[in-house]
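Within every chain, numbering begins at 1; the chains are lettered A, B, ... in the order of the sequence lines, protein sequences first and strands thereafter.
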Amino acid sequence: MDYNKLANLLFPQIRKTPEDYEQMYPPRKLPEGAKVTRLGPSPTGFIHLGNLYGAFADERLAHQSGGVFFLRIEDTDDKREVQGAVPMLIQALHHFGVNFDEGATMNGETGDYGPYYQSRRGEIYQCFAKSLVAQGLAYPCFMTEEEIAAVRAEQEAQKKNPGIYGAYAKCRDLSFEEVAERIGSGQEYVIRFRSNGNPENHVTVVDGIRGPLSLPENDQDVVILKKTGIPTYHFAHVVDDHLMRTTHVVRGEEWLSSLPIHVALFQALGWELPTYCHTTVLMKMDGETKRKLSKRKDPELSLEYYKQEGYHPEAVREYLLTILNSNYEEWRIANPEAAAEDFCFSTEKMSNSGTLFDLDKLNDVCKDVLARMSAEEVLLYMLKWAEEYQPGLAALMAEQRDKMLSIFSIDRGGEKPRKDLIYCRQIFRFISYFFDEHFIVEDSYPAEVSMKDAKEILNRYFQSYDAEDDNEAWFAKVRQLAADMGYAQKPKDFKKNPDQYKGHVGHVSNVIRLAITGRTNSPDLWLIQQIMGTEQVKGRIAQAFQDIG
RNA sequence: GGCUCCAUGGUCAAGCGGUCAAGACACCGCCCUUUCACGGCGGUAACUCGGGUUCGAUUCCCGAUGGAGUCACCA
């Protein structure tokens with residue numbers, strides 16, 4: 001069999017040789033130890049936390065080593081492609097602080113190793129496929145879907161491994177004449193890799209995260225070029241990552257089982273294997289069991305969800321980093337102010353067992369991240385979010401900028417800052433009582449206080465309220481008011497002699513708190529009143545007085 | 001089902017032959033306190049199960065069990 005003749009029959013239009021491409025894409029000139037990583041999403045218009053997780057690993061690996069991080073669009077499946085997905089993807093990643101050095105951009109691409117869209121690399125794949133055919137390492141296969149299904153049925157009946165391999169690969173040894181005839185008659189075909197592997201034999205691949213992996217050799221004659229001439233993932237990955245000079249392939253653990261295919265392909269093409277880093281998949285509880293994050297089933301885990309809720313990108317990154325590298329959290333505790341970039345990221349410290357996504361933990365991280373920010377930063381962040389998702393609110397906040405700053409300044413910046421801000425939607429709920437148009441009464445009066453007393457408390461408080469009082473003077477008045485009405489001035493007194501009092505000053509001030517904020521929990525009341533101003537404070541008191549009836 | 005990966009508290013996880021088995025989140029209690037939060041102190045809670053190897057296994061090996069992933073002309 002003259003494989004060269006076959007190669008020319010199959011790919012008459014391909015003139016370039018593998019050597020030509022080697023010259024076009026020479027090894028990168030980078031400092032010793034620099035890592036080249038890439039993100040290779042398929043443009044389905046959907047990315048979730050798990051994708052971000054991997055992207056952070058890629059980004060850190062490259063930028064920490066003075067290497068390159070690029071974006072390659074893996075659009076080899078036209079069925080799943082979504083219009084406008086690429087700009088969306090880039091923007092979403094950018095929002096969370098993931099930026100690329102080269103590859104696809106908002107309106108094109110940049111870099112010397114392109115094209116970065118697999119759909120535009122057809123000739124390249126075909127050239128290498130041709131080369132494999134010429135070496136007898138790949139061949140055209142004319143099997144129809146029905147034939148393949150029949151083979152599979154037979155294999156299942158005989159409890160054999162499914163797939164096209166060995167004797168099941170019916171087109172393996174077609175003569176040149178037969179191939180020429182079938183093509184001449186318009187039969188469609190794919191190009192398959194001619195595997196000479198034996199699953200009884202194992203190969204060892206050293207994974208950057210998991211260490212040595214022992215894998216059975218691939219024996220499947222996998223499709224490398226679909227009937228459309230478009231490559232499958234396996235082939236595109238091997239060709240692209242070699243030509244783009246990727247040093248570290250970070251991808252999900254779901255690829256582990258097809259790694260033998262990739263190893264065989266790299267060998268057949270005579271190329272060096274990149275360092276594979278198979279990350280653990282991010283899991284989620286689904287009823288009683290854990291399960292991999294899924295695009296279809298978990299829309300609430302999409303990046304867009306976190307953006308909409310107003311999760312701070314830095315917090316999301318911080319959280320992901322804590323589960324990405326097991327020593328990140330301790331480093332952060334020791335270096336609360338340091339930039340995340342200063343952390344020394346390593347693949348060895350990456351977890352290799354399924355990690356459950358933990359919203360509680362994310363929220364906790366958010367509190368810390370926001371507590372580190374200044375009032376100005378918080379406001380800016382809220383405004384930016386509101387402009388996109390709550391325009392009315394944005395206008396309101398911009399209008400009352402000084403008030404907002406005061407609100408966000410409450411207990412901020414000191415040794416023990418409050419940590420009750422989590423994400424925008426929650427923050428807004430948290431501070432909503434400052435705005436008359438968003439004020440609602442959420443809680444009810446403390447049980448210790450009768451309605452009659454509540455009314456009286458509000459009445460007396462209204463009369464005596466003076467915004468000029470400092471915190472101490474103001475509270476002294478509240479104490480007096482409490483005492484006058486038969487409530488203990490100090491909670492401890494009440495606890496000691498509960499029979500002598502109706503309640504204590506805490507109950508009394510909660511009546512006031514409820515009138516003013518609509519809830520029984522709030523930051524320091526005096527501060528809140530200072531920010532609100534006399535008019536709003538008295539308005540609320542009067543309103544509450546009326547509401548009691 | 002075959003193959004692969006994984007296995008420490010509810011969750012994320014340190015550990016890499018000898019530890020009273022870290023820490024964080026969550027939870028509970030106490031203190032601080034006019035509420036809440038913050039902070040401080042304390043607490044509940046774990047090495048999946050069998051065999052080996054070893055003076056000694058959470059740690060190494062084998063097996064079982066469990067969980068996950070994958071078996072496409074999808075990535």
Quiz item: Under a 3.5 Å cut-off for both distances, is B/C73 Watson-Crick or wobble paired, and to whom?
Solution: none

Quiz item: Is the NZ or CZ atom of A/Arg182 both under 6.0 Å from the centre of the six-membered ring of A/Tyr189 and within 45° of that ring's axis?
Solution: no

Exercise. Kindly write out the residues that satisfy side chain to side chain donor-acceptor pair (under 3.5 Å) with A/Thr520, not counting sequence neighbours, or none if the list is empty.
Key: A/Asp443

Practice problem: May I ask you to say what A/Lys292 touches in the nucleic acid, namely base, sugar-phosphate or nothing, with a heavy-atom cut-off under 4.0 Å? | Solution: sugar-phosphate

Quiz item: With rounding to whole Å, what would you report as the distance between B/A75 and B/C38 at their P atoms?
Solution: 48 Å

Quiz item: So, the side chain of A/Gln530 versus the backbone of A/Ala467: is there a donor-acceptor pair under 3.5 Å, distance only?
Solution: yes

Exercise. With a 3.5 angstrom cut-off on both distances, give the Watson-Crick or G-U wobble partner of B/G18, or none if there isn't one.
Key: B/C55

Quiz item: Nucleotide range of RNA chain B contacted by chain A, 5' to 3', under 4.0 Å to a heavy atom?
Solution: B/G2 to B/A75

Quiz item: Considering every strand shown, what is the Watson-Crick or G-U wobble mate of B/U65 when both distances are under 3.5 Å?
Solution: B/A7

Quiz item: Across the strands shown, which category fits A/Val223 at heavy-atom distances under 4.0 angstrom: base, sugar-phosphate, nothing?
Solution: sugar-phosphate

Quiz item: Hey, does A/Thr228 reach any base, or is it just sugar-phosphate, or nothing, if we go heavy atoms under 4.0 Å?
Solution: nothing

Quiz item: What is the nucleic acid contact for A/Thr355, judged by heavy atoms within less than 4.0 Å: base, sugar-phosphate only, or nothing?
Solution: sugar-phosphate

Practice problem: Would you indicate what A/Lys361 reaches in the nucleic acid, counting non-hydrogen atoms under 4.0 angstrom: base, sugar-phosphate, or nothing? | Solution: base

Quiz item: Expressed as a whole number of Å, how far does the C1' atom of B/G42 sit from that of B/G69?
Solution: 42 Å

Quiz item: Within the structure shown, what part of the strands sits under 4.0 Å from A/Ser214 by heavy-atom distance: base, sugar-phosphate, or nothing?
Solution: sugar-phosphate

Practice problem: Could you let me know what B/G29 is paired to, Watson-Crick or G-U wobble, both distances under 3.5 Å, or none if it's on its own? | Solution: B/C41

Quiz item: If you measure from the P atom in B/U8 to the same atom in B/A46, how many Å do you get, rounded?
Solution: 14 Å

Self-check item: Rounded C1' spacing from B/G15 to B/C55 in Å
Solution: 22 Å

Quiz item: So what does A/Arg519 hit on the nucleic acid, given a heavy-atom distance under 4.0 Å: a base, only sugar-phosphate, or nothing?
Solution: nothing

Quiz item: Base, sugar-phosphate alone, or nothing: which one does A/Met143 contact when heavy atoms must sit under 4.0 Å apart?
Solution: base

Quiz item: A/Asp221 and A/Tyr139: side chain to side chain donor-acceptor pair (under 3.5 Å), yes or no, with the steps?
Solution: CA-CA 9 Å; A/Asp221 282 6; A/Tyr139 64 91; 2.7 Å; yes

Practice problem: Please work out whether the ring planes of A/Trp255 and A/His234 are parallel, tilted or perpendicular, with thresholds of 30° and 60°. | Solution: perpendicular

Give every donor-acceptor pair under 3.5 Å between a side-chain atom in residues 500-508 of chain A and any protein atom, sequence neighbours left out.
from	atom 1	to	atom 2	distance (Å)
A/Lys502	NZ	A/Asp453	OD2	3.0
A/Lys502	NZ	A/Met485	O	3.0
A/His504	ND1	A/Gly506	N	2.8
A/His507	ND1	A/His504	N	2.9
A/His507	NE2	A/Glu448	OE2	3.4

Quiz prompt | Check ion pair A/Glu329-A/Lys361 (N to O, under 4.0 angstrom) | solution = yes

Quiz item: B/U34 pairs with which nucleotide, Watson-Crick or G-U wobble, both distances below 3.5 Å?
Solution: none

Exercise. Quick one: label A/Pro491 by what it contacts on the DNA or RNA (base, sugar-phosphate, nothing), any heavy atom closer than 4.0 Å.
Key: sugar-phosphate

Practice problem: Using a heavy-atom cut-off of under 4.0 Å over every strand shown, decide if A/Asp524 touches base, sugar-phosphate, or nothing. | Solution: base

Quiz item: If you pin A/Leu213 and A/Asp364 to their nearest nucleotides in RNA chain B, which one's is more 5'?
Solution: A/Leu213

Exercise. With heavy atoms under 4.0 Å as the rule, sort A/Ser42 into base, sugar-phosphate or nothing.
Key: sugar-phosphate

Exercise. State plainly whether the residues A/Arg210 and A/Glu253 are in salt-bridge range, i.e. N to O under 4.0 Å.
Key: yes

Practice problem: Let me know which of A/Tyr319, A/Phe56, A/Phe343 forms a ring pair (Phe, Tyr, Trp, His ring centres under 6.0 Å) with A/Tyr328. | Solution: A/Phe343

Exercise. Using the P atom as the reference point in each nucleotide, state the distance between B/C5 and B/C61 in Å, no decimals.
Key: 13 Å

Quiz item: Which part of the nucleic acid does A/Glu253 contact within heavy-atom distance under 4.0 Å: base, sugar-phosphate only, or nothing?
Solution: sugar-phosphate

Quiz item: With sugar-phosphate meaning primed atoms plus P, OP1 and OP2, does A/Lys284 contact a base, only sugar-phosphate, or nothing at under 4.0 Å between heavy atoms?
Solution: nothing

Practice problem: Using the C1' atom as the reference point in each nucleotide, state the distance between B/C16 and B/C47 in Å, no decimals. | Solution: 14 Å

Quiz item: Taking the same atom, P, in B/U44 and in B/C60, what whole-Å distance lies between them?
Solution: 29 Å

Quiz item: Between B/U11 and B/A68, how far is it from one P atom to the other, in whole Å?
Solution: 14 Å

Quiz item: Contact class for A/Thr280 vs. all strands (heavy atom < 4.0 Å): base, sugar-phosphate, or nothing?
Solution: nothing

Quiz item: Pick the nucleotide of RNA chain B nearest each of A/Pro417 and A/Leu215; which residue has the one closer to the 5' end?
Solution: A/Leu215

